[in-house]
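One structure below.
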Amino acid sequence: MPLPDLIIALTVLLLTPGPTNTLMALAGAERGVRGASGLIAVETCAYLCVVVPLALFGSGAMAAAPGLVPVVTAAAAA
């Protein structure tokens with residue numbers, strides 16, 4: 001894929017909201033900003049509860065087994 005096409009595809013992908021952001025937008029549209037603002041804290045806590053342990057475990061696992069880096073990269077890309 002040529003570089004300009006890749007840049008356009010990645011830009012469109014990054015601008016597309018994921019399921020969590022779509023649910024937050026729907027909650028905001030239904031409840032208003034004040035009604036949905038409590039969900040921001042819940043979403044942030046849930047995100048941190050998943051991402052922080054994975055990052056900590058992942059960095060140690062990748063350092064211990066560098067051969068897993070391409071496998072994890074391919075799995076993340078898929």
Side-chain angles (χ1 to χ4, degrees):
M1 175 180 282
L3 185 59
D5 292 344
L6 177 64
I7 291 171
I8 290 169
L10 289 174
T11 301
V12 169
L13 176 66
L14 291 173
L15 291 175
T16 304
T20 305
N21 290 339
T22 302
L23 290 173
M24 291 294 289
L26 288 172
E30 182 180 288
R31 301 176 184 183
V33 175
R34 284 190 180 189
S37 63
L39 297 174
I40 294 171
V42 173
E43 180 182 350
T44 302
C45 288
Y47 183 79
L48 290 174
C49 286
V50 171
V51 172
V52 170
L54 284 175
L56 294 174
F57 172 74
S59 64
M62 294 302 111
L68 286 178
V69 173
V71 174
V72 171
T73 302

Give the minimum heavy-atom separation between E43 and N21, together with the two atoms involved.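 Residues E43 and N21, closest heavy atoms: OE2-OD1, 3.9 Å.
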
Identify each donor-acceptor pair in which a side-chain atom of residues 31-38 lies under 3.5 Å from a protein atom, sequence neighbours left out, and give them as a table.
from, atom 1, to, atom 2, distance (Å)
S37, OG, R34, O, 2.9

For the CG atom of L10 and the CG atom of L3, what is their distance to the nearest 0.5 Å?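 Output value for this atom pair is 9.5 Å.
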
For residues 47-75, which side-chain donor-acceptor pairs fall under 3.5 Å, sequence neighbours excluded?
from, atom 1, to, atom 2, distance (Å)
S59, OG, A55, O, 3.2
S59, OG, L56, O, 3.1
T73, OG1, V69, O, 2.7

